[in-house]
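Okay, so here's the structure we're looking at.
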Amino acid sequence: MSRGDYLGEFEHLVLLALKRLGENAYGVTVRRDIETRTQREVSIGAIYATLDRLETKGLVKSRVGEPTAARGGRAKRYFRITVRGVAAINKTHEALRKMSDGLVGVRSFA
Amino acid sequence: MTTGASRSRPPRVAAWLVELFASTQEADGILGDLAEEFTAHERVEGTRDARRAYWRHARHTMWDLAWSPLGSPGTSGARVTATGLVVAAGIGFLAHSMATGIVWPVGHVLVMHGIYKVFPAFQWWEDHMAAPFAVGTAIALISRAFGVRAMGALFVNVALSVGLAAWLQRMSFRNVPSLGPVALFASLLFRLLQNISLNVIGAIIGRLMPFPDRLLRRQPATQ
């Protein structure tokens with residue numbers, strides 16, 4: 001596993017959100033997905049900063065979408081997870097499972 | 001997601017400030033997302049609440065964008081910020097030198113003709129009213145033209161101007177031995193706030209000017 005494939009906690013959450021949202025993954029939907037599921041307040045800036053980092057690592061790709069009136073005429077920037085991104089999630093899950101296996105009082109990571 | 005235009009616009013000042021912290025490539029996506037959140041919030045909670053929420057989101061977004069390059073070297077955000085810092089240091093130095101070169105003779109003329117008795121010329125000119133303002137504007141214009149994060153660049157410039165102000169202050173007080181450390185500290189604090197606010201006001205005005213985008217507009221990369 002190369003250094004770039006290691007995921008930080010927030011990177012992990014963002015990648016999982018991208019995977020879940022599929023074609024409809026952009027700043028607003030990613031932020032809402034993470035907030036709804038983790039009850040953690042997240043800013044758009046944090047999402048973009050993380051996506052920028054993930055894109056640099058090659059785990060995410062972006063494209064510019066259509067502008068809408070609700071967005072003040074500004075275009076959406078859609079993100080999608082790459083094959084490397086999915087592999088990074090799986091490797092992180094595997095590492096977490098191995099680390100948590102057999103620990104008393106810690107829920108096993110399946 | 002939500003469709004249709006909002007009844008009112010998001011707070012413009014908050015949007016300008018966010019734009020200062022984002023690169024040209026990021027700005028459209030971020031401001032569009034914030035506007036979309038504003039529209040959705042306004043429908044449910046009303047304009048007043050939506051504006052308050054927008055400011056909160058904008059504040060958190062600025063904070064996260066400002067610090068993100070430190071935690072992620074090598075990313076495009078870090079690269080544009082680093083470029084901005086180098087550009088700002090150069091422009092800041094040049095602009096400060098030029099501004100000082102202009103304001104000293106102006107101050108001299110004001111003093112020679114006794115105008116300072118009516119209007120405190122030294123306080124307004126030599127004490128860096130013009131320089132931080134001009135530098136803030138210049139940095140905002142250049143950063144927009146090159147698509148770098150203006151606020152990262154501005155941080156360096158603020159540091160430069162504060163250092164310069166501190167040095168000038170020290171020179172000013174060299175011949176006033178009766179002045180205690182508290183007065184010196186208060187004066188330095190005043191200079192610091194003055195420099196920062198003028199830099200930021202200059203930068204906001206620089207963001208409002210339309211021509212740099214036309215000169216060197218860079219479109220976000222499409223897939």
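Here the structure is a predicted model, which means the values were calculated and not measured. In the text below, chain A, chain B and the rest are named by the order of the sequence lines, each starting its count at 1.
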Test side chain to side chain donor-acceptor pair (under 3.5 Å) applied to A:Y48 and B:D64, step by step: CA-CA 9 Å; A:Y48 271 82; B:D64 289 323; over 6 Å; no

Yes or no on side-chain contact (heavy atoms from CB on, under 4.5 Å) for B:E36 and A:K76, after CA distance, side-chain angles and deciding distance? CA-CA 10 Å; B:E36 189 177 321; A:K76 285 179 184 174; 3.8 Å; yes

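B:T39 places a side-chain N or O within donor-acceptor distance of the main-chain N or O of A:A70, the cut-off being under 3.5 Å.
For the pair B:E37/A:R71, no side-chain contact is recorded, criterion being any heavy-atom separation below 4.5 Å from C-beta on.
No other option in A:G73, A:G72, A:G8, A:A75 has as many heavy-atom pairs under 4.5 Å with chain B as A:A75. Most heavy-atom pairs under 4.5 Å with chain A, from the set B:D33, B:L34, B:I30: that is B:D33. Note: A:I44 leads A:V42, A:L51, A:I44 in heavy-atom pairs under 4.5 Å with chain B.
Interface remark: A:E55 contributes no atoms to any contact with chain B (heavy atom separation under 4.5 Å). Neither the backbone nor the side chain of B:R59 comes within less than 4.5 Å of any heavy atom of chain A.
Heavy-atom contacts from other residues, nucleotides or ligands closer than 6.0 Å to CD of A:E23 number 12 or fewer.
The ring-ring contact (aromatic ring centres under 6.0 Å, His included) test applied to B:W63 returns B:W67, not counting sequence neighbours.
In this structure, CG on B:L31 lies 4.5 Å from CZ on A:R74, to the nearest 0.5 angstrom.
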